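Worksheet for the structure shown next.
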Amino acid sequence: MRPTALLSRIPLATRIAVAIGFGLIVAMIAVLVLFANTIRDYEEREWNKALGTMCEMLHEAVKHAAPPETAPDAPETLREIRDIMDKVAKAFNMMLWLEDDAGNRPVRIGADAIPRLELGESSRMGRLTMRDVDCSTGYCGWVEMPTELAGKQFWIRGYLRDDPAVDSLVTTFLYGLGGIGLLGALLSIPLARRIAVPLRKLEESALRMARGDLSQRVEIRGGDEVGRLGAAFNAMADGITRSFGAIRDLNANISHQLRSPLTRIAMIAELARTGLEQGKTADAALKLQGIQEEIVILDGLIERILRLSRQDLRDRAAQAAGVDLTSMIREHCRRIAPLLEAKDADIILERLDPAEFTGPPEDYDTLVVNLLDNAAKYVTPGGRVRVAVLEGGDHVEFSVRNTCRRFQAEELEAMFEPFRRLDQDAAQGYGLGLTLARGAAERLGAAILPANGLDGLEMRVRLPLRAPGPSPLPGGPV
């Protein structure tokens, strides 16, 4: 089995923990070695410097405690010198004594038995002479400096070695660094799990989405790579949900758009049959021509559906073309004329200002077709449908009014709900027309405002002349 295949069988959290732990151990070893060498050099350098300073101070203190007129073996003098030397000896963990040229030692601190030492090379620091001494561990040294006691030549001599407390501190510190490395390796396990667990949740959510549950989202927060991956997954899931929603809207729109020409064909055919029964052949022939036009419209719808099946919805969303809204309204007013004729109703074009736009033609067509169809279906027998297009600078106002009953305020909003028909017996349909019209208006940056007019219902739409960019996945008509 290849090493890469073997590694792939190990859980991601374990691999990350091992990698982090190994890296920390290597880094800590390097830090330990570097720190040990650095601290030794620094310790020796600073120790020598401090020792030289303290010996100079000790020399001055001895001279001051025993001036020339004082007896060198006076108890008061020796006690004062002993107190001073005791403080220095304790500060540097050293044997310290005062010795004359004859080998007499009137003051000894920790030097009851002075060891025999093999002295190495010497170095000087002012009046102080220092020599290295071989010892088993740490740093050892011999120091001496001339001084005067009651006007006579003496030597301040000492033997020093590392403070055991310092050695213990350094050892403890080194062990602590090692412990930190081990602790870091152990702490890397939760860190690795923090990376692996969200990825596992992401995998589970992706599998649920693959099985059809589009409500899946991941709760991964943070600004790191894993957090950004979770945000990207949620954005992708939102896009997929919008895509399916757009497809559902599209299917509803296709069904509605196909049904409208069929309804008009049925109505025109009924009028043509009535005309033939009454001997009005010319009128019947005109009606048959209208049926032919509706068949052409149906064929165009089917062609657009086939074209849509061969392209991506996002490609469709990017399409934009010039739209002559006024001509579109005139053409559809002509198409719904047979429906109004069957109800003995009239259509009045009150004012149609020129109105041209650049945008998705399907959205403008959906808006116009469904508002006019709705007015024609629900106009009262013998009533009127009034249409107006008013240019207003940066916008165009398109309004449709039809004679009908008055609506309550809650009904004005409810009529836009999908599959909602307020007058069940007034007309045939599925209750999708106004829903699709509102969706098209919103994609065009407008809104449909329903209101009770003087003699019926008025639908008013204020369309901006500069339409917003198409949505990534529109749910408009084909």
Side-chain angles (χ1 to χ4, degrees), residues 35-174:
F35 175 78
N37 292 332
T38 303
I39 199 171
R40 282 295 177 191
D41 293 341
Y42 177 79
E43 178 188 16
E44 182 176 348
R45 187 169 54 252
E46 292 300 314
W47 199 334
N48 291 340
K49 187 186 300 182
L51 182 61
T53 303
M54 290 299 296
C55 286
E56 287 290 342
M57 294 174 62
L58 181 58
H59 163 68
E60 294 297 328
V62 170
K63 288 179 59 178
H64 177 74
E69 65 274 8
T70 306
D73 55 352
E76 290 290 335
T77 301
L78 294 179
R79 184 166 48 252
E80 184 177 351
I81 294 174
R82 182 178 291 106
D83 290 341
I84 297 172
M85 293 178 66
D86 183 63
K87 293 178 181 179
V88 175
K90 289 180 178 179
F92 287 89
N93 186 37
M94 62 188 301
M95 298 178 184
L96 193 63
W97 61 92
L98 194 64
E99 184 176 349
D100 61 14
D101 292 334
N104 298 315
R105 302 184 181 109
V107 178
R108 290 183 293 182
I109 306 297
D112 295 335
I114 300 173
R116 293 182 177 274
L117 304 173
E118 294 184 7
L119 303 181
E121 295 182 358
S122 64
S123 60
R124 295 184 63 85
M125 181 181 296
R127 297 170 54 87
L128 182 68
T129 300
M130 294 179 290
R131 294 177 181 271
D132 294 335
V133 178
D134 292 335
C135 59
S136 56
T137 59
Y139 170 76
C140 301
W142 170 276
V143 295
E144 64 178 8
M145 184 177 66
T147 187
E148 293 182 6
L149 179 62
K152 300 177 67 173
Q153 178 73 33
F154 275 80
W155 295 88
I156 299 173
R157 285 177 176 151
Y159 168 65
L160 62 93
R161 60 178 302 159
D162 285 349
D163 188 347
V166 175
D167 287 342
S168 176
L169 180 62
V170 173
T171 303
T172 302
F173 184 72
L174 295 179

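On a predicted model such as this, the values are computed, not experimentally measured, just so you know.
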Got a second to check how far L98's CG is from W155's CH2, nearest 0.5 Å?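 The distance works out to 12.0 Å.
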Can you list everything that forms a salt bridge (charged side-chain N to carboxylate O under 4.0 Å, His left out) with D83? Sequence neighbours excluded, please.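 Checked D83 against salt bridge (charged side-chain N to carboxylate O under 4.0 Å, His left out); zero matches.
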Can you sort out the partners of R157 under salt bridge (charged side-chain N to carboxylate O under 4.0 Å, His left out), two or more places apart, ordered by chain and number?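 For R157, the residues satisfying salt bridge (charged side-chain N to carboxylate O under 4.0 Å, His left out) (neighbours in sequence not counted) are E99, E144.
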Non-hydrogen atoms of R82 and P106 that approach each other most closely: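 So the minimum-distance heavy-atom pair works out to NH2-O, 3.8 Å.
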